[in-house]
Protein chains: 2
Amino acid sequence: MTSLSKPDPGTSARPTMRQVAELAGVAVKTVSRVINGEPNVAPATARRVLDAARSLDYQPDLHAGNLRRSDRRTRTLGLLVSSVDNPFAGAVHRAIEDAAVGRGVAVFASSLDDDPDREREAVAAFLRRRVDGLILTTASANQAYLEPELRRGTPIVFIDREPSGVEADSVASDNFGGAARAAEHLLARGHRRFAYLGDLHSIQTARERRRGFLDTLGGNGIPVDDVPAIQDLHDPERARQALLRLLDGPNPPTAVFSSQNRVTVGALHALRQRGHHRDTALVGFDDVELADLLEPGVTVVAQHPEDIGRIAAERVFAKLDGDASPPQRVVVSTTLITRGSGEIPPPAV
Amino acid sequence: MTSLSKPDPGTSARPTMRQVAELAGVAVKTVSRVINGEPNVAPATARRVLDAARSLDYQPDLHAGNLRRSDRRTRTLGLLVSSVDNPFAGAVHRAIEDAAVGRGVAVFASSLDDDPDREREAVAAFLRRRVDGLILTTASANQAYLEPELRRGTPIVFIDREPSGVEADSVASDNFGGAARAAEHLLARGHRRFAYLGDLHSIQTARERRRGFLDTLGGNGIPVDDVPAIQDLHDPERARQALLRLLDGPNPPTAVFSSQNRVTVGALHALRQRGHHRDTALVGFDDVELADLLEPGVTVVAQHPEDIGRIAAERVFAKLDGDASPPQRVVVSTTLITRGSGEIPPPAV
DNA sequence: TCAGGCTTTGACAACGATGTCACGATTTGG
DNA sequence: CCAAATCGTGACATCGTTGTCAAAGCCTGA
C-alpha cells in the first residue's frame, strides 16, 4: 500500500522562502522583509507571512542569506584549543560562548592535541566555513600562514600562547611571573633541591613557565644546571612516571613545580604512590578541581580562564565592530593559592 | 600620504573562484573541478589552477558550494550540552569530535544551562546554519517541536537524557541501574539512614537516578518516605549547603548518594567541612577527577562519556549514510569504582 | 483636485559555487 | 582512414537569500 513513485512519505522537504511566500500569497522579498524585521510591511501582511512561516516550520538559511548580504557575517566563531575536555579549555570555551550568545554568534570548537598539522587543517576547515573570527591556542612554532587571512580583516586572537611570525592580538596568563612566584614561594620555605615538570618544549607557554621558574631559582643562588627539568610531559601518565624516576633517583627533589594541570595530576599520583605527598612540596601551574580537598591541599598558581576567554571574545567582537587598533598582548595575572602542598618545608638535615 | 579613494591598503579582498580562474586562465568550472578533485582535468591545467589558488591563498566557500551541491551537506554538526565546562560534557564532546574529524565534519557546541528556552534558541541557531545533525542533551520536558525537523530527515540523537514527546535515537547511561547499584552497595555495608542529593527534578536522568536509588532502598525494607531526597541541586554550592543542613539535623544520614558530578563535589566539601568524611559513606554518580587521591577515595558509579559521545556520533553518521532503521535507545552501562568512601560502614550503635 | 510624498510591494540581478550539457579535440578500433 | 568513443573544457542555469530599483496605492495639503 505504500506509494512507489513518491519519495518516502515520512520525509518532507525543507521549506524555503518561496514556499512561505506562496502560502502567504506574497513575493519572496516580502517574506525576507518580515523575517528580518525590516520596516514598511503592512501589519496584516506581516501576520500572514509569520503564520505561513510557522505553519511550515520555516527556518531561514543563514548561509544563503549571507552570500548576498552586504556585511558578509556568518555569525560564527572558531575556537581552537588543545583539547575540549581539558578543564582549562572548557572554562575558556564557556566564557567565549557567554560573550557570543548575546550577539547571536555560534561557536565552533576544535581540539588540536598540540599538533601543528592538525592546527592547519582545523583552521582551514573553519575558514572554509567563513567564521567571522578565530580564537586560537596555537600548536605551531610559527603562524605566518595566517598572514593573508589577517590582511583580509579576519580577527584572530591568540589565547594561552602568544603568536610568532605574525602580528596578532593575544590574551594569556602571566606565565613567567606565575612560575617565578611559585619558585619564590618554594625558596622562601628553604628548599634547595627542586624539580621542574614541564609540558612540550614546542609550546611557548611551557617555555615561559620553565624560564620563570628556573631563572628565579638561578637568581637566588640555585645552580640551575643541577635542577632536573623534565619536559615534553603531555599527559598525567608520563608526568607520573617522570616524577617517580626522580623520586627513586639518587638525589630526590624536596620541592616540585608542575607546569600544567595534566602534569600536576600525574605528579600528585606519583607523590602519593611513593608516600611522599606529605614531605615533598608541590606547586602546580593552573588549578585542579578538588585540589582543596586533598591532604595536603594542592598549592597552585591559578589562572583565570574565564577572563582569558571573555577578553579574547571581546577583542574579536571589537575588531568586527571596526576597532582598528594595533595588535595588543593582554597579560592576565595569576593567583597563588596556598593550600598546603606548597608550604611543606624541606626535611631537617 | 595615504590614499583616500582606495580601501584600506592593509586590507585585501577574499579571493573567489573567479579570481583563481582568471589568474590560471581557465573557466571557474575548471577551478571547481580541480579544487574538488574531479576527474578529467589535464595535469598541466590542474597544476596551473593549484598554483593560482595557492598564490591567492584561496579557500573555497563551503556554504556557497553547498547551496548548489546535490547532497546539501554542510559537514557540520551541532552539540548541545548543559555546559561545555562540565567534565562529563567535555569528554562527550571530545569523543564526538574524534568521530567527526575523519569525515571532515566540524562541531558547533552550545551550553544550555538546562534552560528549555535556551535549548529552543540554540537548536534554532544551529538549524538556521543547516547543521547536518544534532546531538542534544535536552533541557526541556517535551521535544515535540523537533518533529518537523526529524521528518525532514535531520538526524537528531539525544544523549544523557531520553526524548519525550518525539521518537528519536538516544544514548544514555544506565541511570536507574547505576543508582540501584549504589544503593545495593551501601545497603550491603549495613547502612539504614540514607540521603539522596539530586539534580533538577525536571531532568529525566535525575529522576531515573532518584528512582533507581529509592526503589532499591524501598525494595530492601527501608521506609523511603523517611529518606531525605533533596532535589534541584544544580551546582556544588547548593549541594554543599543542602548536605550541611542534613548533617546538622536531628537524624543525620550515615550514607549519602550524590547523583551528579557537581553535586558530588559539593557533598565532599560539606562532609569535609563537618569532619564527617571518614565516618559518613558517600557514593557519587559520575566520576570526578582526583577522586582516587582524596582520603578516603571517592567511590563512584562511573559513566563512560567517551562511549556515549562516540556512539551518538556514529548514529548520526549512520543516518546520514542512509540508515533508515527505527529510533533506538542505546543504554551504556555504568561501572562501580570502589575507592573507600562508599565502603565506610555505619557507626556501631 | 491634483502634485508630491510616503508606504507597500514585487521583479530582477547578484552572491560563490556546482550540475548539466554541449562542443571541439584527441584517441581508439576495425 | 574514418566512425565512434573518450577527454578536456566552458557557457549557463541554479541553489536560497537580500540589495536595488521601480511601480502602484494611499495620503497630504495647497
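The sequence lines fix the lettering, A, B, ..., with proteins before strands; numbering per chain opens at 1.
The phosphate of C:dA17 (OP1 or OP2) has no side-chain N or O of B:S32 nearer than 4.0 angstrom. Dashed line: the shortest gap from a side-chain N or O of B:N36 to OP1 or OP2 of C:dT18 is under 4.0 Å. Residue B:T30 places at least one side-chain N or O closer than 4.0 Å to OP1 or OP2 of D:dG10. Note on A:Y58: every side-chain N or O is 4.0 Å or more away from OP1 and OP2 of D:dG16. One finds a side-chain N or O of A:T45 lying less than 4.0 angstrom from the OP1 or OP2 phosphate oxygen of C:dT9.
Among the nucleotides D:dC7, C:dG10, D:dG16, the one closest to any side-chain atom of A:V26 is C:dG10. Closest to the side chain of B:A64, from the set C:dG10, C:dA17, D:dT9, is C:dA17. Considering only side-chain atoms of A:R130, the nucleotide from C:dA17, D:dG19, C:dG19 that sits closest is C:dA17. Proximity note for B:L67 (side chain, C-beta onward) versus D:dT9, D:dG16, D:dT17: the nearest is D:dG16.
Distance B:H63 NE2 to C:dT18 C1': 16 Å, rounded to the nearest Å. Nucleotide C:dG16 holds its P atom 12 Å from the CE atom of B:M17, rounded to whole Å. To the nearest angstrom, P of D:dT18 lies 11 Å from CG of A:D71. The interatomic distance linking A:N66 (CG) with D:dT18 (P) rounds to 10 Å, in whole Å. With rounding to whole Å, A:R72 atom CZ is found 18 Å from D:dG16 atom P. Distance, B:E38 CD to D:dG8 P: 13 Å, rounded to whole Å. Residue B:L56 contributes atom CG, which lies 14 Å from atom P of C:dG16 at whole-angstrom precision. Whole-Å rounding puts the B:R14 CZ to C:dC15 P distance at 16 Å.
A:R129 and A:T76 are not linked by any side-chain donor-acceptor pair at a separation below 3.5 angstrom, with hydrogens and angles left out of the test. Defined by atom type and a distance below 3.5 Å, a donor-acceptor pair is missing between the side-chain atoms of B:S164 and B:N142.
Checked for salt-bridge contact, B:R310 and B:D307 meet the test: a charged N lies under 4.0 Å from a carboxylate O.
Counting heavy atoms from C-beta on, the side chains of A:L146 and A:F158 come closer than 4.5 Å. Within the 4.5 Å cutoff, side-chain heavy atoms of B:V26 are placed close to those of B:V31.
Of the residues listed (B:S110, B:S111, B:S140), the one engaging B:R118 in a side-chain hydrogen bond (donor to acceptor under 3.5 Å, both in side chains) is B:S110, and it is the only one.
B:N40 comes within 4.0 angstrom of a base, heavy atoms only. Within 4.0 Å of B:P39, counting heavy atoms only, lies no atom of the nucleic acid at all.
Between the side chain of A:R33 and the base of C:dG10, a donor-acceptor pair under 3.5 Å is found. Looking at B:R68, its side chain comes within 3.5 Å of the base of D:dT14 through a donor and an acceptor atom.
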